[in-house]
Chemist: 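Have a look at the structure that comes next, please.
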Amino acid sequence: MNLWAVLCLTLLVVELQNGACQQVKRRKDIGENRIRPGGKRVKVWPTLKDGRGRSHSLLTQVLDKGRFLRLGQSTILTPGKNMELRCKGSKIGWSYPTYLDTFNNSRLSIKQSDKYSQLILTSPSAADTGAYSCWVIVCDGTECEKDHDRAYVSYIYFKDKDNLFVPSTMHFEIVYLRPDQPAVVPCRVTEPQAKTSLHREVPPVEITANMTQMAYDPTKGFILQNPRPEHQGVFYCKAETMDTPQISTKYQLLYVEVPSGPPFVSLEASPDSVRGGDNVNVTCTVLGEPDVDVSFTWTYPGQGSRPVHIQTSWRLVNRGMGYTTRVTQSILTVEDMETIDFGEYMCKAKSQHGETIVGTTIISK
């Protein structure tokens, strides 16, 4: 009996020793220096459950008396109190609400030191609500790129009871509805717990969010998953807390007829038959998406020798049942036609989706 007890005790000690050795080995494996092909030694950080690696420790807020706070996916701060963010690394990139760049805002400053970069925003307000992110920039010689494994973003609300909605520079905004993609009514809030609703102005009715056709995201606004022509109209958002309800800016929702793609172009000369001494207009017309800009380039017989007048304009038109299209035109005018002016006129229309070239020939009658 004693022999069996001693044998069992010995086996138990051996198992415990093996487990301890394996645990020590695992600790060594995590974070050990590994050598990649090419002889570069890199630090391999443990992967967390959320899949972001060690990026959770990159972005911090500097508090009073030298204290630091790691920022979560969202953060609520008080307007008026200067904000200082820090991101660890010798080369750091930042992003923040775009309007701070648009207006070249002097309240924002970024400084880089040897070990970290700091972003300082003085006197923040409700309008500064948005996503703030930083990332490590990795360079190989002169080529640099963003390290996606060491990046972090925090959506920061500057909670303001007098401005439940993030202020907009526009009092009336246009939202284009496309049948092939979701549309967003961008009424973002400064208080994520505010009760927010979407309302049509005429006829007055509240549009109910049902999560499948329409959902609300306080960082984006109301998201229409499958826009349809009946969603057109003038809308506004309403936000409520324990204080008085507030109304957002108004939004004109327009349904788009023309799908994304290279410009659809037509070219026409008027009159179509001219003599020497006549005046002629050559009109290049593009039907396209309402919010897509179009640029024009002309090639014509007397280019560089003869003066011409070119005028470009655009307008929104309703086509069919509840469809909106942008008509963009460039008109080239030649006055007092001469022999050198007869020949082929080429119009190139270019947008973010591509370019189209069309031509027409003007001959003397």
Side-chain angles (χ1 to χ4, degrees), residues 28-63 66-75 77 82-124 127-158 166 181 184 186 188 219-220 260 291-293 295 350-355:
K28 183 179 179 181
D29 289 341
I30 297 176
E32 70 175 348
N33 288 332
R34 299 180 184 175
I35 300 177
R36 288 180 178 171
K40 294 183 179 180
R41 188 176 294 274
V42 297
K43 189 75 171 178
V44 180
W45 298 109
T47 301
L48 301 183
K49 291 182 179 180
D50 61 2
R52 289 179 296 156
R54 197 172 173 177
S55 63
H56 73 292
S57 64
L58 278 177
L59 184 60
T60 57
Q61 179 194 2
V62 181
L63 305 178
R67 295 182 297 119
F68 297 87
L69 174 67
R70 292 179 181 177
L71 297 184
Q73 292 184 350
S74 64
T75 307
L77 299 181
N82 293 353
M83 177 184 72
E84 180 181 347
L85 304 180
R86 287 190 183 182
C87 200
K88 295 180 182 178
S90 58
K91 286 184 179 291
I92 296 295
W94 290 92
S95 70
Y96 38 82
T98 54
Y99 96 97
L100 288 171
D101 268 340
T102 304
F103 295 98
N104 194 21
N105 204 307
S106 60
R107 296 183 299 113
L108 179 74
S109 63
I110 295 176
K111 298 179 182 179
Q112 178 71 55
S113 67
D114 293 338
K115 296 183 178 180
Y116 63 86
S117 178
Q118 63 180 162
L119 180 150
I120 299 175
L121 183 62
T122 60
S123 302
D128 300 316
T129 296
Y132 292 77
S133 65
C134 68
W135 57 87
V136 173
I137 299 175
V138 180
C139 296
D140 183 6
T142 58
E143 296 183 0
C144 298
E145 62 180 13
K146 176 179 179 179
D147 186 345
H148 294 277
D149 293 329
R150 289 184 290 171
Y152 189 80
V153 60
S154 182
Y155 192 93
I156 299 179
Y157 298 90
F158 289 98
V166 178
Q181 64 187 66
V184 178
R188 298 181 296 126
T219 69
K220 297 178 181 179
S260 300
D291 56 344
V292 175
D293 291 328
S295 62
K350 184 177 181 180
S351 73
Q352 64 189 43
H353 301 303
E355 63 182 43

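Note that this is a predicted model, so its numbers are computed, not measured. Along the sequence shown, residues carry numbers from 1.
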Chemist: Taking ring pair (Phe, Tyr, Trp, His ring centres under 6.0 Å) as the definition, give me every residue that meets it alongside Y96, ordered by chain and number, with sequence neighbours left out.
Modeler: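 Scan of Y96 (ring pair (Phe, Tyr, Trp, His ring centres under 6.0 Å), adjacent residues dropped) gives none.
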Chemist: Run the side-chain contact (heavy atoms from CB on, under 4.5 Å) check on L121 and Y132 step by step: do they pass?
Modeler: CA-CA 11 Å; L121 183 62; Y132 292 77; 3.6 Å; yes
Chemist: Checking the side chain of N82 only, and the main-chain atoms of S123 only, is there a donor and an acceptor separated by less than 3.5 Å?
Modeler: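 Yes, the answer is positive, given that a donor and an acceptor are paired below the 3.5 Å cut-off.
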Chemist: Given the rule in the side-chain contact (heavy atoms from CB on, under 4.5 Å) test, do I156 and L85 qualify, once you have shown the distances and angles that lead to the verdict?
Modeler: CA-CA 11 Å; I156 299 179; L85 304 180; 4.2 Å; yes
Chemist: If every non-hydrogen atom of P186 is compared with every non-hydrogen atom of V184, which pair is closest and at what distance?
Modeler: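 So the minimum-distance heavy-atom pair works out to CD-O, 3.3 Å.
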Chemist: Can you name the side chain to side chain contact (heavy atoms under 4.5 Å, CB included) partners of S90, sequence neighbours left out?
Modeler: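 Here no residue qualifies.
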Chemist: Does one side chain, of Y155 or R188, offer a donor that lies under 3.5 Å from an acceptor on the other?
Modeler: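 Yes, a side-chain donor-acceptor pair sits under 3.5 Å.
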Chemist: Rounded at 0.5 Å granularity, tell me how far CG in L108 sits from CE in M83.
Modeler: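 L108 CG to M83 CE: 8.0 Å, rounded to 0.5 Å.
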Chemist: Rounded to the nearest 0.5 Å, what separation is found between the OG atom of S95 and the CG atom of L100?
Modeler: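 Going from OG on S95 over to CG on L100, the span is 11.0 Å.
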Chemist: Evaluate the criterion side-chain contact (heavy atoms from CB on, under 4.5 Å) for residue pair Y157 and V166; output intermediate values, then yes/no.
Modeler: CA-CA 9 Å; Y157 298 90; V166 178; over 6 Å; no
Chemist: If you draw a 6.0 Å radius around NZ in K146, do more than 12 non-hydrogen atoms from other residues or ligands fall strictly inside?
Modeler: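 Enclosed.
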Chemist: Could you check whether any side-chain N or O of Y152 sits under 3.5 Å from a backbone N or O of C87, counting only pairs where one atom can act as donor and the other as acceptor?
Modeler: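 Side chain of Y152 to backbone of C87: no pair is present.
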Chemist: Between Q112 (side chain only) and G89 (backbone N and O only), is there a donor and an acceptor less than 3.5 Å apart?
Modeler: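 Yes.
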Chemist: Would you compute the distance between atom CD1 of I92 and atom OG of S113 and round it to the nearest 0.5 angstrom?
Modeler: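 So the CD1 of I92 and the OG of S113 are separated by 9.5 Å.
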Chemist: Spell out, as yes or no, whether a donor-acceptor pair under 3.5 Å connects the side chain of S154 to the backbone of G72.
Modeler: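 The answer is yes, because a donor-acceptor pair under 3.5 Å joins these two groups.
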Chemist: Look at the side chain of R86 and the backbone N and O of Q118, then say whether any donor-acceptor pair between them is shorter than 3.5 Å.
Modeler: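 Judged by distance alone, no pair lies under 3.5 Å.
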Chemist: Tell me the closest heavy-atom pair linking A131 and P97, and the distance in Å.
Modeler: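 Nearest heavy atoms, A131 then P97: O-CD, 3.7 Å.
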Chemist: Please determine whether side-chain contact (heavy atoms from CB on, under 4.5 Å) holds for the pair F68 and L63, giving the CA-CA distance in whole Å, both sets of side-chain angles, and the decisive distance to 0.1 Å.
Modeler: CA-CA 6 Å; F68 297 87; L63 305 178; over 6 Å; no
Chemist: Who passes ring pair (Phe, Tyr, Trp, His ring centres under 6.0 Å) against F158, sequence neighbours left out?
Modeler: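 Result, ring pair (Phe, Tyr, Trp, His ring centres under 6.0 Å) vs F158: none returned.
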Chemist: For E145, look at atom CD and say whether over 12 heavy atoms of other residues, nucleotides or ligands are found less than 6.0 Å away.
Modeler: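 Check fails, neighbour count at 12 or below.
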Chemist: Can a donor-acceptor pair be found, under 3.5 Å and without considering hydrogens, that links the side chain of S351 to the backbone of D293?
Modeler: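 Checking the backbone N and O of D293 against the side chain of S351, no donor-acceptor pair under 3.5 Å is found.
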